[in-house]
Engineer: 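Can you read through this structure? Questions will come right after.
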Amino acid sequence: MPYCPASAGALVTETVTSDRTADVIVVGAGPAGATTAYHLARSGLDVLLLEKTAFPREKVCGDGLTPRAAKQLIAMGIDISEEAGWLRNKGLRIIGGGQRLQLDWPELSSYPDYGLVRKRDDFDEQLARQAEKAGARLHERCNVGEPVLDSAGRITGVHAKLGEEKTPVTFHAPVVVAADGNSTRLSLKMGLHRREDRPMGVAVRTYFNSPRHDDDYLESWLELWDRRGAQDRLLPGYGWVFGMGDGTSNIGLGVLNTSDDFKELDWREILKAWCASMPVEWGFTPENMTGPIRGAALPMAFNRQPHYTRGLLLVGDAGGLVNPFNGEGIAYAMESGVIAAETIVQAQARSTPAQRELALRRYPKILKETYGGYYTLGRAFVKLIGNPKVMKVATERGLSHPVLMRFALKMLANLTEPSGGDAMDRVINGLSKVAPRA
């Protein structure tokens, strides 16, 4: 088009406006948001990825990834080699009831036979940068506040404060994805509150310089003792020891709100006491601690629903996608991001608003078809192990039966062949199908 001075102002206005509009807005650049943005951008959609902090930034996590998460990283083209700073693990070592059992990840056609370890302070950034490379427009230090609603109450954008200056800005898109974690202010503003009948966990962790840093198995302690009083007390939850491969180990514990003591106990102090009970040569002592003890909530088993309403989709922790069996969140955050992206891409290809809405409403149904029955089983499991006596008996009896524990590993880590597979796979898949879809 020939240059026309009279239209210059209009062109500038159009450029500024286009910087604030997109096909999709994704709020939060953690694993769920970055994965969603990556797959949307790869499909050719214009994506705004809004992150309230600046990378690198720390997140409370065990830093251990199962084969489910490894599969998603491979699908995003992330370099997960040891040269790139990843530590691979072969499986899970379980300790409890005076016994120790080492289980390799199952060999499946659907998932790799290894897990990974990586600190969250640069794990999330790698995913966000990969989304950028795919074409997503990332804004760091972008604190999203209120949703923009049309006259029908449908979300059409978000108000935010951008940069260190906290400049007020408004972004517009016909579809918005809430990937803003357990607190998910955006979901709350849209009237989606946490379900109190769904389990919630708490994870607390810290890092120690330790000779155990290069352990190639994730280690889970199924008995968590509070030994600070006159009488030892068995607590609900589990402890972990994950070598980071960099000279440090991530030590933490996960606790469920099914315990009567959930709100009363100081879990940071319990973590300190638990570490003090470990062998001295492991180095889990205050002078070897490399950072403070931090905690975070684990929203489990679809504890916020519906996962789609009026133009807003919930992914990851915002939708309570954490696995109630083992507290794993990253794999399900990434998987829900893939499902959300596929749903949005299909919706955007429809020719009318009614058809697009019909496609978007499919998203929560797919989530329930994929995880609903399994999460229902997980909720029953959480109620059982919330009783320390049940946990103690299960640990003492179960660890002496390796075949039973291999079944438990597949069940707890959700690692089965989707179809076919061995007898264990068929039993687990069958139970998940007949259980009500939460």
Engineer: Tell me which pairs pass ring pair (Phe, Tyr, Trp, His ring centres under 6.0 Å) where either residue lies in residues 65-114, with sequence neighbours left out.
Structural biologist: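 Pairs touching residues 65-114 that pass the test: W86-F123.
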Engineer: In the structure I gave you, are the side-chain heavy atoms of V345 and L40 within less than 4.5 Å of one another anywhere?
Structural biologist: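 Result yes, sub-4.5 Å side-chain heavy-atom pair found.
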Engineer: Heavy atoms, side chains only, cut-off 4.5 Å: are V177 and I344 in contact?
Structural biologist: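 Yes - at least one pair of side-chain heavy atoms lies under 4.5 Å apart.
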Engineer: With ring pair (Phe, Tyr, Trp, His ring centres under 6.0 Å) as the rule and sequence neighbours excluded, what pairs involving residues 26-66 come up?
Structural biologist: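 For residues 26-66: none.
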Engineer: Specify the closest pair of heavy atoms between L92 and S220, including all atoms of both residues, with the distance to one decimal.
Structural biologist: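 Looks like CD1-CB, 3.9 Å.
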Engineer: Of the non-hydrogen atoms in G28 and L49, which two are nearest, and what is the gap between them?
Structural biologist: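 In terms of heavy atoms, the two residues are closest at O-CD1, 3.5 Å.
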Engineer: A quick test of your reading: do over 12 heavy atoms of other residues, nucleotides or ligands sit less than 6.0 Å from CD of E164?
Structural biologist: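 Counting neighbours around CD of E164, 12 or fewer heavy atoms of other residues, nucleotides or ligands fall under 6.0 Å, so no.
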Engineer: Run the side-chain hydrogen bond (donor to acceptor under 3.5 Å, both in side chains) test on N209 and T248 for me, step by step, so that the C-alpha distance in whole Å, both residues' side-chain angles and the decisive distance to 0.1 Å come before the verdict.
Structural biologist: CA-CA 4 Å; N209 288 319; T248 66; 5.9 Å; no
Engineer: Short question: side chain of E51, backbone of T53 - any donor-acceptor pair under 3.5 Å?
Structural biologist: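 Answer holds: yes.
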Engineer: Which pairs of donor and acceptor atoms, one on a side chain in residues 275-282, lie under 3.5 Å apart (sequence neighbours left out)?
Structural biologist:
unit_1 : atom_1 : unit_2 : atom_2 : d
S277   : OG     : W274   : O      : 2.6

Engineer: Do R198 and M300 have side chains that approach each other closer than 4.5 Å (heavy atoms only, starting at C-beta)?
Structural biologist: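 When only atoms from C-beta onward are counted, M300 and R198 do not touch, as no gap falls below 4.5 Å.
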Engineer: Output all residues satisfying salt bridge (charged side-chain N to carboxylate O under 4.0 Å, His left out) with D104, sequence neighbours left out; order by chain, then residue number.
Structural biologist: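 D104: no salt bridge (charged side-chain N to carboxylate O under 4.0 Å, His left out) contacts found.
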Engineer: Start with the C-alpha distance between W240 and I251, add both sets of side-chain angles, then the distance that settles side chain to side chain contact (heavy atoms under 4.5 Å, CB included), and finish with yes or no.
Structural biologist: CA-CA 6 Å; W240 70 75; I251 315 299; 5.8 Å; no
Engineer: Any side-chain heavy-atom pair from T309 and I155 closer than 4.5 angstrom?
Structural biologist: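 When only atoms from C-beta onward are counted, I155 and T309 do not touch, as no gap falls below 4.5 Å.
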Engineer: Could you go step by step and tell me if I293 and R205 meet the side chain to side chain contact (heavy atoms under 4.5 Å, CB included) rule?
Structural biologist: CA-CA 5 Å; I293 296 175; R205 66 97 178 100; over 6 Å; no
Engineer: Does R42, at its CZ atom, have more than 12 non-hydrogen atoms belonging to other residues, nucleotides or ligands within less than 6.0 Å?
Structural biologist: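 Incorrect, the count does not exceed 12.
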Engineer: Does atom CZ of R129 have more than 12 heavy-atom neighbours from other groups under 6.0 Å away?
Structural biologist: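 Above 12, so yes.
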Engineer: Can K410 and D425 be counted as an ion pair, charged N to O under 4.0 angstrom?
Structural biologist: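 Salt bridge: yes.
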Engineer: Might you point out which heavy atoms bring S249 and G243 nearest each other, and give the distance in Å?
Structural biologist: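 Minimum heavy-atom contact is OG-CA, 4.0 Å.
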Engineer: Does R137 pair with D46 as a salt bridge, N-O distance under 4.0 Å?
Structural biologist: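 Counted as a salt bridge, because a side-chain N and a carboxylate O are separated by less than 4.0 Å.
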Engineer: Does E357, at its CD atom, have more than 12 non-hydrogen atoms belonging to other residues, nucleotides or ligands within less than 6.0 Å?
Structural biologist: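 Yes, the 6.0 Å shell around CD holds more than 12 heavy atoms from other groups.
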Engineer: Quick check against the 3.5 Å criterion: does E82 have a side-chain atom that pairs as donor or acceptor with the backbone of R88?
Structural biologist: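 Side chain of E82 to backbone of R88, a donor-acceptor pair under 3.5 Å: no, none is there.
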Engineer: Stepwise, does the salt bridge (Lys or Arg N to Asp or Glu O under 4.0 Å) test hold for D215 with R93?
Structural biologist: CA-CA 10 Å; D215 192 346; R93 184 183 304 115; 2.7 Å; yes
Engineer: Counting only heavy atoms not in H159 (residues, nucleotides, ligands), do more than 12 fall under 6.0 Å from its NE2?
Structural biologist: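 Yes, enclosed.
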Engineer: Look only at the side chain of N326 and the backbone of L412, and say whether a donor-acceptor pair between them is shorter than 3.5 Å.
Structural biologist: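 Present.
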Engineer: Whether the E417 and S109 side chains hold a donor-acceptor pair (N or O, under 3.5 Å, no angle test) is what I'd like checked.
Structural biologist: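 Yes, side-chain donor-acceptor contact under 3.5 Å.
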Engineer: Show, in sequence, the C-alpha distance, side-chain angles and deciding distance for F284 and S210, and conclude whether the side chain to side chain contact (heavy atoms under 4.5 Å, CB included) test is met.
Structural biologist: CA-CA 7 Å; F284 302 155; S210 171; 3.5 Å; yes
Engineer: Do the side chain of T35 and the main chain of A32 share a donor and acceptor less than 3.5 angstrom apart?
Structural biologist: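 Answer holds: no.
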Engineer: Are R68 and E335 within salt-bridge range, i.e. N to O under 4.0 Å?
Structural biologist: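 Salt bridge flag = yes for E335 with R68.
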Engineer: Looking at D113 and K90, is any side-chain nitrogen of the basic one under 4.0 Å from a carboxylate oxygen of the acidic one?
Structural biologist: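 Not counted as a salt bridge, because no side-chain N and carboxylate O are separated by less than 4.0 Å.
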Engineer: Determine yes or no for a side-chain-to-main-chain donor-acceptor pair under 3.5 angstrom, with D122 supplying the side chain and E125 the backbone.
Structural biologist: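 Answer holds: no.
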Engineer: Is a donor on one side and an acceptor on the other found under 3.5 Å between the side chain of R118 and the backbone of D124?
Structural biologist: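 Flag not set: sc R118 to bb D124 has no pair under 3.5 Å.
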Engineer: Should the pair R194-E196 be classified as a salt bridge under the 4.0 Å nitrogen-to-oxygen rule?
Structural biologist: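 Salt bridge flag = yes for E196 with R194.
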Engineer: Say you draw a straight line from CG of L321 to OH of Y332; how long is it, rounded to the nearest 0.5 Å?
Structural biologist: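 Separation between the atoms: 9.5 Å.
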Engineer: With a 4.5 Å heavy-atom cut-off, do N89 and V117 have their side chains touching?
Structural biologist: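 Of all side-chain heavy-atom pairs linking V117 with N89, at least one is under 4.5 Å.
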Engineer: Going by atom types alone, do S432 and N429 pair a side-chain donor with an acceptor below 3.5 Å?
Structural biologist: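 Looking only at side-chain atoms, N429 and S432 do not form any donor-acceptor pair under 3.5 Å.
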Engineer: Salt bridge check: are D197 and R379 linked by an N-O gap of less than 4.0 Å?
Structural biologist: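 Not counted as a salt bridge, because no side-chain N and carboxylate O are separated by less than 4.0 Å.
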Engineer: Taking only Lys NZ, Arg NE, NH1 and NH2, and the carboxylate oxygens of Asp or Glu, determine whether R57 and D121 approach each other closer than 4.0 Å.
Structural biologist: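 Looking at D121 together with R57, the answer is no, because their closest N to O distance does not fall below 4.0 Å.
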Engineer: Would you say the side chain of K59 lies within less than 4.5 Å of the side chain of R294, judging by non-hydrogen atoms?
Structural biologist: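 A side-chain contact is absent here, since even the closest heavy-atom pair is not under 4.5 Å.
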Engineer: Using 30° and 60° as the class limits, which term best fits the ring planes of F325 and Y374: parallel, tilted or perpendicular?
Structural biologist: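 Answer is tilted, since the angle falls between 30° and 60°.
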Engineer: Of all the heavy-atom pairs spanning L271 and G252, show the shortest one and how long it is.
Structural biologist: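 Looking at all heavy atoms of both residues, the shortest contact is CD1-CA, 3.9 Å.
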Engineer: Under the 3.5 angstrom rule, does the side chain of K161 hit a backbone N or O of V144 as a donor-acceptor pair?
Structural biologist: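 Judged by distance alone, no pair lies under 3.5 Å.
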Engineer: Using a strict cut-off of less than 4.0 Å between a Lys/Arg side-chain nitrogen and an Asp/Glu carboxylate oxygen, indicate whether R120 and E58 qualify as a salt bridge.
Structural biologist: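 Result for this pair is no, no salt bridge flagged.
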Engineer: Among N414, T66, N323, exactly one meets side-chain hydrogen bond (donor to acceptor under 3.5 Å, both in side chains) together with E328. Which residue is that?
Structural biologist: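 Option passing the side-chain hydrogen bond (donor to acceptor under 3.5 Å, both in side chains) with E328: T66.
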Engineer: How about Y207 and D246: does a side-chain donor come under 3.5 Å of a side-chain acceptor?
Structural biologist: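 Side-chain D/A pair, Y207 to D246: absent.
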Engineer: Going by the rule salt bridge (charged side-chain N to carboxylate O under 4.0 Å, His left out), which residues pair with R426 if we only count those two or more places apart in sequence or in a different chain?
Structural biologist: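 If we apply the salt bridge (charged side-chain N to carboxylate O under 4.0 Å, His left out) test to R426, skipping adjacent residues, there are no hits.
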Engineer: Regarding W221 and E223, do their side chains bring together a donor and an acceptor under 3.5 Å, going by distance alone?
Structural biologist: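 Checked: W221/E223 side chains show no N/O donor-acceptor pair below 3.5 Å.
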Engineer: Give a yes or no on whether the ring-centroid distance for H213 and F208 is below 6.0 angstrom.
Structural biologist: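 They do not qualify: ring centres at least 6.0 Å apart.
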Engineer: Taking side chain as C-beta onward, heavy atoms only, is L108 less than 4.5 Å from T416?
Structural biologist: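 They are not in contact (no side-chain heavy atoms under 4.5 Å apart), so the answer is no.
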Engineer: Taking the six-membered ring of Y375 as reference, does the NZ or CZ atom of K368 fall below 6.0 Å from its centre and within a 45° cone about the axis?
Structural biologist: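 No; the conditions do not both hold, so K368 does not lie above the ring face of Y375.
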Engineer: Run the side chain to side chain contact (heavy atoms under 4.5 Å, CB included) test on L162 and K166 for me, step by step, so that the C-alpha distance in whole Å, both residues' side-chain angles and the decisive distance to 0.1 Å come before the verdict.
Structural biologist: CA-CA 5 Å; L162 185 61; K166 298 183 179 179; over 6 Å; no
Engineer: Using modelled atom types and a 3.5 Å cut-off, is there a donor and acceptor pairing between side-chain atoms of N250 and backbone atoms of C61?
Structural biologist: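 Flag set: sc N250 to bb C61 pair under 3.5 Å.
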Engineer: Please list, one pair per line, the donor and acceptor atoms closer than 3.5 Å that link side chains of residues 311-320 to other protein atoms, with sequence neighbours excluded.
Structural biologist:
none

